[in-house]
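Counting convention: from 1, in listed order, for ligands and their atoms alike.
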Amino acid sequence: MIAGWEILVRGLKVAKLKCILWDVDGTLADTERDGHRIAFNMAFDEAGHTRQWDVPTYGELLKVTGGKERIRFDIERGGMGDMPAAQIADLHARKTAHYQALIAEGRIPLRAGVRRLLEAAFEAGIKLGVATTTTPSALDALIEHSLGSEWFDRFAVLAAGDIVPAKKPAPDIYTYAMQQLGMDAAETLALEDSANGWKSAQAAGLRCVVTVNDYTRAQDFNGADLVVSEFGEPGRAIEVLANPHGLADLEYVTLAHLQALMQT
Ligand code: XBP
Ligand code: MG
């Protein structure tokens with residue numbers, strides 16, 4: 001028997017918000033330009049490579065998710081000299097160590113509204129998880145230094161990096177996280193910042209809110225459930241780029257908005 005609140009709309013069941021899966025890079029914090037990019041360049045320099053990724057170049061490379069995959073892509077397009085897989089792995093390990101050190105310096109704060117929404121959802125008993133292409137130890141550093149160690153226990157799953165064979169835009173990391181939590185796509189919302197992330201969430205059957213940044217603002221988010229400049233805070237207005245469900249009172253994004261999206 002179908003419960004009264006469970007009706008089918010555009011292939012998604014209308015349901016209560018029971019789980020939020022968070023992307024990391026670009027969503028929890030703006031880690032790419034001043035975190036990952038700098039760490040890659042430090043690793044290249046340390047290993048004796050002349051290659052440096054400037055801000056626009058890194059923007060092009062972001063279409064490839066995963067750091068090792070990004071280096072391989074740059075090699076294949078002629079940006080760097082060829083190297084065996086073991087050397088790419090070594091470079092990436094160096095990069096991860098530099099990234100952890102940058103994060104430990106407290107250089108990368110959370111984006112506006114992230115802590116407010118995390119705390120509201122946690123207090124409401126909504127399951128929280130992470131679904132990211134980032135290396136687990138890089139994620140751990142961000143949780144410890146930017147979010148707070150108590151969040152290691154507050155997130156019910158930390159799905160990261162090579163735990164699945166195919167990275168975003170494949171749906172695998174979202175599917176894996178939902179399986180770990182015993183959650184269904186109808187009761188789960190994804191929070192993302194990039195087209196690759198949005199495609200991944202969409203392919204896993206999830207509703208998705210996108211908070212853009214300078215690297216992703218011009219990307220195609222057609223079909224996403226809400227696209228905003230940031231989650232925002234009281235007294236700090238956001239820019240609404242797409243609001244297909246017509247959510248009201250969007251001065252900043254609240255848990256009530258996220259809950260309302262599950263009813264659309
Ligand atoms: C963003 C990414 C990551 C990071 C680097 O992932 O593409 O690859 O740039 O991570 P998401 P690693 O937005 O899904 O978090 O170097 O650790 O792979
Ligand atoms: Mg991201």
Review point. Are the side chains of H49 and L91 in touch, meaning some heavy atoms are under 4.5 Å apart?
Key: yes
Revision key, fill the gap. So the protein N/O/S atoms within less than 2.8 Å of the Mg ion (ligand 2) come down to D23 OD2, D25 O, D193 OD1
Revision key, fill the gap. Per side chain to side chain donor-acceptor pair (under 3.5 Å), T211 is matched among R111, E230, E192 by R111
**Study point:** Residues E32 and Y215: side-chain donor-acceptor under 3.5 angstrom
**Key:** no
Check your understanding: Are W53 and F44 close enough that their ring centers fall under 6.0 Å?
Key -> yes
Study note, to complete from the structure: Rounding to 0.5 Å, atoms CD1 (I163) and CG (L158) come to a distance of 9.5 Å
**Study point:** Partner of K168 under side chain to side chain donor-acceptor pair (under 3.5 Å), chosen from T132, T65, D23
**Key:** D23
Exercise for review: Compile the protein residues with any heavy atom at a distance under 4.0 Å from an atom of ligand 1; present them by chain, then by number.
Suggested key: D23, V24, D25, E32, H36, F40, Y58, T65, G66, G67, R70, H92, K95, T132, T133, T134, T135, K168
Review point. Around atom CG of D54, are there more than 12 heavy atoms of other residues, nucleotides or ligands at under 6.0 Å?
Key: yes
Exercise for review: State, with a plain yes or no, whether a side-chain heavy atom of R51 is found less than 4.5 Å away from one of D74.
Suggested key: yes
Check your understanding: Does V212 offer a backbone N or O that forms a donor-acceptor pair with the side chain of T216 under 3.5 Å?
Key -> no
